[in-house]
Amino acid sequence: MAPPESDSVEPVTPAGRLFLLPELNTIIHCAIGLKDKIDVDSTRSAIKNSLMLKHPRFCSILVRDKNGREHWKKTDIDIDQHFIIVNKKTCTDDDDVDKVVNEYIADLSVSTPLDMNKPLWEVHVMLEQKCAIMRIHHALGDGISLMSMLLASCRTASDPEAIPTLVTMRRPDYGKKGKQQDWRGVILRVLKMVWFSMAFSLEFVLRFLWVSDKKTVISGGDGVELWPRKLATAKFLIEDMKTVKGAVANATINDVLFGVISYGLSRYLDHRSPKALKEGQQITGMAMVNLREQLSMQDLSEMLKNNSGSQSRWGNRFGFILLPVFYHKSDVDPLQHVGRAKTMIDRKKKTSEAHFTYHIGHLAMSFLGPKAAHVLNYRVLCNTTFTFSNVVGPQELVTMSGNPVTFIRVNTSSIPHALTMHMVSYAGRADMQIMVAKDIIPDPEFLAKCFEDALFEMKEAAAATV
């Protein structure tokens, strides 16, 4: 189909073209739990009148010109084509709700692609589970863009007229801690930044060429993105993470989080394959890093502008970093996992690794095309073990159409890793969706418990140091 010469047609961005490849075709699933029964008519009306449908990405279909180049073409929206009612068995408690919702999303992630003949999003309403699942193609935007869009449609529970706000986190300036450094300190800091940037960027290139993690019982690989999935949820309290953070000098919540992943994976591997791994063996993940100036929610009015030069523009603006965690026996001090994570992350903060991967991908898309960029991305994924992302949600309780939101959870499809983890924080809690290839990791619920127990043991160790 050739798009007409019209203002209603807009070229798809390089990142969007990559996500639209049939080999990738990545879909974001956002599950929103609600306290009260969902009113179907009011929910449909709220979506129809929401800011989402005022955004051109959400009211456009994908078309291709005579050269096969993708474009967005404005179209009329029939809300009924995007609004799907799901009737599942009645749930008796929260655990049953989680199980039914997770099973439904896991099935969707491998069996039901979005229809390319309509705008690339859907809302599935699970009436008995009081849950709405937004399915949005990754070509429409990244986690920060979509979280901003979601929260613009919410209101705070304490004030029905107030839009939720997030603590604005700007990128830290790592060279300005403490006293003003002299010229030797500045030079040393610059040299460290250059050295670590070169080292980590070279490691990324080597991952593309041939360097690969040693195989473990959680390793994926070529073709695994097509395998059946299972989904489980690990639940954490932010207050517990803060307790652990206070026990490790200058640690951050992210340091604690990556320590939990390291310790939780070690516990799980001890269970699945005792004595199979060497002490200190590296298990490498791919972590997504937001590259906008503001690390949390973006101002929606800015994002809705077609300002391609803006740091807060709508779309996909993130890079990757390699995230090494290390296997250690479960009898070590749990806080050592946090200390090692802090050391690694402090080095990553001083580099331009995420920007390097973003620009390499952009150049590959621009000069070699989406298929070449996919090969680069796919090889790195096959040579690593897991994917991780972390999106900051609202700190206060929020409502949608007056219905209190109980949880916000996110995951994505079409990744050759056997293990992907996506965390969203909301109102003092952090829920991590653990999507697995079930023929490789048959017990994601146990893996989720390993992560939860890891934080509990860290909290106990932190309390013992007081």
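Remark: of the listed residues Thr112, Ile133, Val101, Ile133 is the sole one forming a side chain to side chain contact (heavy atoms under 4.5 Å, CB included) with His124.
Put simply, the side chain of Leu18 reaches to within 4.5 Å of the side chain of His374, judged on heavy atoms. Within the 4.5 Å cutoff, the side chain of Arg409 has heavy atoms near those of the Asp98 side chain. With a 4.5 Å cut-off on side-chain heavy atoms, Asp431 and Tyr426 do not count as touching. Contact check for Asn102 versus Thr233: side-chain heavy atoms found under the 4.5 Å cut-off. Under the 4.5 Å side-chain criterion, counting only non-hydrogen atoms from C-beta, Leu24 is not in contact with Glu225. Between Leu108 and Ile27, the closest side-chain pair of non-hydrogen atoms is not below 4.5 Å. Between Leu150 and Met400, the closest side-chain pair of non-hydrogen atoms falls below 4.5 Å. Annotation: side chain of Glu10 is not in contact with side chain of Ser60 (no heavy-atom distance under 4.5 Å).
Under the 3.5 Å distance criterion, with hydrogens and angles disregarded, a donor-acceptor pair is assigned to the side chains of Thr284 and Arg207. For the residue pair Tyr378 and Asp222, a side-chain donor N or O sits within less than 3.5 Å of a side-chain acceptor on the partner. Ser109 and His29 form no side-chain donor-acceptor contact under 3.5 Å, judged by distance and modelled atom types alone.
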List the steps and the verdict of ring-ring contact (aromatic ring centres under 6.0 Å, His included) for Phe388 and Phe258. CA-CA 10 Å; Phe388 177 79; Phe258 293 139; 5.5 Å; yes
Stepwise, does the side chain to side chain contact (heavy atoms under 4.5 Å, CB included) test hold for Asp213 with Asn383? CA-CA 6 Å; Asp213 280 357; Asn383 288 336; over 6 Å; no
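Contacts of Asp159 classified as salt bridge (charged side-chain N to carboxylate O under 4.0 Å, His left out), with partners at least two apart in sequence or in another chain: none.
Salt-bridge formation is detected for the pair Glu23/Lys371: a Lys NZ or Arg NE/NH1/NH2 atom is positioned less than 4.0 Å from an Asp or Glu carboxylate oxygen. The residues Lys99 and Asp96 are annotated as not salt-bridged, no charged nitrogen and carboxylate oxygen being separated by less than 4.0 angstrom. Checked for salt-bridge contact, Lys230 and Asp443 miss the test: no charged N lies under 4.0 Å from a carboxylate O. With respect to Asp453 and Lys449, a salt bridge is recorded, a charged nitrogen being found less than 4.0 Å from a carboxylate O.
For the atom pair CD1 of Ile47 and CE of Met134, the computed distance is 7.0 Å after rounding to the nearest 0.5 Å. Taking CG of Leu368 as the reference point, atom CG of Leu376 lies at 9.0 Å (rounded to 0.5 Å). Annotation: the span from Asp36 atom CG to Asn403 atom CG amounts to 4.5 Å, rounded to 0.5 Å. The distance from atom CG of Asn377 to atom CZ of Phe320, rounded to the nearest 0.5 Å, is 5.5 Å. From Asp80, atom CG reaches atom NZ of Lys48 across 8.0 Å, with rounding to the nearest 0.5 Å. Atom CG in Leu120 sits 11.0 Å away from atom CZ in Arg57 (nearest 0.5 Å).
Contact between Ala341 and Asp255 at its shortest, heavy atoms only, is CB-O, 3.6 Å. Annotation for Phe451 and Gly264: closest pair CD2-CA, 3.7 Å, computed over non-hydrogen atoms. The two residues Arg379 and Phe208 come nearest to each other via the heavy atoms NE-O, 2.6 Å.
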